[in-house]
Amino acid sequence: MCGIIGVLATTPVNQTLYDGLTVLQHRGQDAAGIITSDGRRVYLRKDNGLVRDVFHERHMLALKGNMGIGHVRYPTAGCDSPAEAQPFYVNSPYGLALAHNGNLTNAEQLKEELFREDLRHLNTESDSEILLNVLAHELEAVGSIQLTPDEIFQAVAALHRRCRGAYAVVAMIVGFGVLAFRDPFGIRPAVYGRRDTPEGSEHMVASESVALDMLGYELVGDLAAGEAVFIDRDGGVHRRECAEKTLHAPCLFEYVYLARPDSMLDGIAVHKTRLRMGERLAQKLQREWADLDIDVVIPIPDTSRQAALQMAYELNLKYREGFIKNRYIGRTFIMPGQAERKRSVRQKLNAIELEFRGKNVLLVDDSIVRGTTSQQIVQMAREAGARKVFFASAAPPIRYPNVYGIDMPSARELIASERDVEQIAAENGADRLIFQDLQDLIEAAREGNPDIAQFEASVFDGVYITGDVNQDYLSRIQQMRSDGAKAKRNVATGDLASNELQTYSI
């Protein structure tokens with residue numbers, strides 16, 4: 001997963017983009033980038049690190065112009081090199097920059113096409129650079145000197161015909177405006193908002209509605225599956241469904257873990273979804289664990305708090321905060337390497353002994369992925385004096401790799417891949433373990449928007465909605481995305497990105 005943002009305003013957008021990326025920082029902590037334009041030149045700054053570390057005052061002052069896009073990166077198919085930080089930029093046609101959240105499932109085929117047929121060169125292993133060059137080629141094929149919205153939408157339609165997988169995209173066409181579009185399945189999120197100022201209307205597209213809220217934009221709505229939005233330099237908004245065939249199936253894991261609880265995605269409140277997840281899991285626990293003597297419900301911060309609070313309410317049990325989180329450690333699940341994930345758990349959390357000593361505790365987490373975190377947290381609870389440790393996952397067992405932009409590339413890395421519930425409990429050290437049922441999770445999300453007929457839930461059920469994922473593909477990405485493979489690519493790529501701002505004349 002990554003975070004994207006695009007802004008077209010009546011005043012300089014550098015600070016707005018920076019503030020928006022800090023709000024979306026939870027979606028990617030590996031790298032950050034902003035590109036802006038004043039209509040004549042573009043100004044690019046990107047590097048590895050958190051938003052606050054990548055952008056200093058000198059960079060902000062140099063990011064000139066009233067339109068731009070930004071990105072926070074969490075690497076999956078690529079590597080950790082600064083060269084793969086986004087946005088990417090090409091100067092032909094027009095001057096085009098792009099940032100992307102998701103993953104292309106036909107990236108290798110597209111690389112070959114771009115080189116042999118489109119005569120375009122790629123400089124990184126990022127599928128976002130592939131998307132940029134496909135869009136550039138299609139714009140070149142249909143665009144005129146005075147590029148029109150119709151020509152832009154024709155190019156996006158051609159891109160949809162060529163690209164498969166999950167992609168939410170923001171792009172900047174220098175001198176013309178900001179473009180955003182979503183894949184034909186609407187897997188990865190994108191929302192659009194606007195605000196009115198004395199100088200005129202201003203527009204923003206972002207991964208989550210919270211970015212709009214924090215910056216004073218009104219949420220207009222989500223981009224539909226296969227829809228494109230183009231905001232021209234005069235503030236005119238043009239929208240069109242560009243994909244020939246669509247099926248709206250947003251990623252279910254967004255509501256479990258990825259999105260902030262104060263976001264609205266596809267008309268669904270993430271906070272209320274997580275409350276409903278807790279309610280349904282409590283009902284299952286009452287059916288299956290009626291004999292258990294639980295003294296207290298304790299969440300594993302932060303994303304499980306809503307589910308744990310609702311579970312405690314439904315079960316008529318005490319709710320207590322038993323772990324203190326170090327705010328200066330990143331989200332463990334999105335740490336780039338397994339060794340770093342293991343090292344970070346105990347740096348991130350510390351148990352409050354008074355809440356555990358002599359008690360039977362029910363620990364609630366949003367999900368169990370690799371099992372690294374849950375194993376160490378169960379052990380921490382026991383060391384703090386818990387008599388018994390029960391564990392509840394607000395999501396079903398994650399048994400299958402993700403190919404749509406979440407770093408779950410290998411089934412063998414997933415603790416639930418070839419284990420039943422009892423074996424998983426033995427592996428993570430809990431006295432007993434309970435998982436949410438998949439149908440209950442789906443209904444918890446769908447209750448927020450009954451119009452959504454289907455969710456992308458491949459990590460739980462192994463059904464890949466794009467229809468082009470087979471075992472050969474899964475084996476290939478397992479090799480490509482392993483920590484060892486990424487390390488080799490980092491060495492080979494080196495530090496190709498400048499540490500200072502890059503300026504391009506148009």
Donor-acceptor pair, [X] side chain versus [Y] backbone, under 3.5 Å?
X      : Y      : value
Tyr74  : Asp407 : yes
Gln154 : Val142 : no
Ser393 : Asp365 : no
Asn106 : Arg164 : yes
Glu314 : Gly278 : no
Glu84  : Glu125 : yes
Asp234 : Gly236 : no
Ser37  : Arg41  : yes
Arg45  : Met60  : no
Glu202 : Thr10  : yes

Close side-chain approach of [X] and [Y], heavy atoms under 4.5 Å:
X      : Y      : answer
Leu17  : Phe55  : no
Asp266 : Tyr255 : yes
Thr303 : Pro261 : no
Tyr192 : Val237 : yes
Tyr43  : Ile34  : no
Gln29  : Val72  : no
Leu414 : Arg399 : no
Leu131 : Cys163 : yes

How long is the gap from [atom1] on [X] to [atom2] on [Y], to the nearest 0.5 Å?
X      : Y      : atom1 : atom2 : answer
Thr124 : Ile130 : OG1   : CD1   : 8.0 Å
Leu265 : Cys251 : CG    : SG    : 10.0 Å
Leu258 : Met1   : CG    : CE    : 5.0 Å
Phe230 : Leu8   : CZ    : CG    : 8.5 Å
Ile35  : Lys46  : CD1   : NZ    : 8.0 Å
Leu441 : Leu252 : CG    : CG    : 4.0 Å

Tell me the closest heavy-atom pair linking [X] and [Y], and the distance in Å.
X      : Y      : answer
Glu227 : Ala224 : OE1-N, 2.8 Å
Ser128 : His100 : OG-ND1, 2.8 Å
Thr273 : Ile268 : OG1-CG2, 3.0 Å
Gly70  : Leu21  : C-CD2, 3.8 Å
Phe460 : Tyr400 : O-CE1, 3.5 Å
Ala457 : Leu438 : CB-CD1, 4.5 Å

- Message: Apply side chain to side chain contact (heavy atoms under 4.5 Å, CB included) to residues Thr466 and Ile187 and explain how you reach the verdict.
- Response: CA-CA 10 Å; Thr466 53; Ile187 297 172; 4.3 Å; yes
- Query: Given Ile152 and Ile173, is the side chain to side chain contact (heavy atoms under 4.5 Å, CB included) satisfied, shown in steps?
  - Reply: CA-CA 10 Å; Ile152 292 170; Ile173 309 173; 3.9 Å; yes
- Intermediate values then yes/no, salt bridge (charged side-chain N to carboxylate O under 4.0 Å, His left out), Lys284 and Asp440: CA-CA 10 Å; Lys284 180 179 179 180; Asp440 283 343; over 6 Å; no
- Item | Worked verdict on Glu254 versus Arg27 for salt bridge (charged side-chain N to carboxylate O under 4.0 Å, His left out) | CA-CA 10 Å; Glu254 288 280 352; Arg27 300 189 66 87; 2.8 Å; yes
- Task: Not counting sequence neighbours, which residues clear ring-ring contact (aromatic ring centres under 6.0 Å, His included) with Tyr167? List them please.
- Result: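 Tyr167 satisfies ring-ring contact (aromatic ring centres under 6.0 Å, His included) with His160 once adjacent residues are dropped.
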- Task: Return the set of residues passing side-chain hydrogen bond (donor to acceptor under 3.5 Å, both in side chains) with Thr11 (not counting sequence neighbours), or none when no residue passes.
- Result: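 Testing Thr11 for side-chain hydrogen bond (donor to acceptor under 3.5 Å, both in side chains), a comparison that skips the adjacent residues, returns none.
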Side-chain donor-acceptor contact under 3.5 Å, [X] with [Y]:
X      : Y      : result
Glu113 : His137 : no
Glu443 : Gln439 : yes
Asp150 : Thr148 : no
Tyr473 : Asp468 : no

Using a cut-off of 6.0 Å, state whether more than 12 heavy atoms not belonging to [X] lie near its atom [atom1].
X      : atom1 : answer
Arg233 : CZ    : no
Lys111 : NZ    : yes
Glu199 : CD    : yes
Arg52  : CZ    : no

- Query: Excluding sequence neighbours, so at least two apart, what forms side chain to side chain contact (heavy atoms under 4.5 Å, CB included) with Asn66?
  - Reply: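 With sequence neighbours excluded, Asn66 shows a side chain to side chain contact (heavy atoms under 4.5 Å, CB included) to Pro12, given in chain and number order.
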- Message: Could you work out, with side chain to side chain contact (heavy atoms under 4.5 Å, CB included) as the rule, every residue matching Ala136, not counting sequence neighbours?
- Response: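 In terms of side chain to side chain contact (heavy atoms under 4.5 Å, CB included), with neighbours along the sequence ignored, Ala136 is linked to Val90, Pro93, Leu96, Arg120.
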- Query: Testing Pro189, Ser207, Pro87 for side chain to side chain contact (heavy atoms under 4.5 Å, CB included) with Ile4, which one passes?
  - Reply: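 Testing Ile4 for a side chain to side chain contact (heavy atoms under 4.5 Å, CB included) against Pro189, Ser207, Pro87 leaves exactly one candidate, Ser207.
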- Residue of the set Gln86, His71, Arg188, Arg182 for which side chain to side chain contact (heavy atoms under 4.5 Å, CB included) holds with Asn101: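 By the side chain to side chain contact (heavy atoms under 4.5 Å, CB included) criterion, Asn101 pairs with just one of Gln86, His71, Arg188, Arg182: Arg188.
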- Do the numbers put Lys348 on top of the ring of Phe323, so that NZ or CZ is under 6.0 Å from the six-membered ring centre and no more than 45° off the axis?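 Because its charged atom misses either the 6.0 Å distance or the 45° angle limit, Lys348 does not stack over Phe323.
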- Taking salt bridge (charged side-chain N to carboxylate O under 4.0 Å, His left out) as the test, write out the residues that go with Glu138, two or more places apart.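 For Glu138, the residues satisfying salt bridge (charged side-chain N to carboxylate O under 4.0 Å, His left out) (neighbours in sequence not counted) are Arg162.
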- Query: Partners of Glu456 by salt bridge (charged side-chain N to carboxylate O under 4.0 Å, His left out), sequence neighbours excluded?
  - Reply: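 Here no residue qualifies.
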- Message: Evaluate Asp302 against Arg305 for salt bridge (charged side-chain N to carboxylate O under 4.0 Å, His left out), listing each step before the verdict.
- Response: CA-CA 6 Å; Asp302 285 317; Arg305 280 199 172 99; 2.4 Å; yes
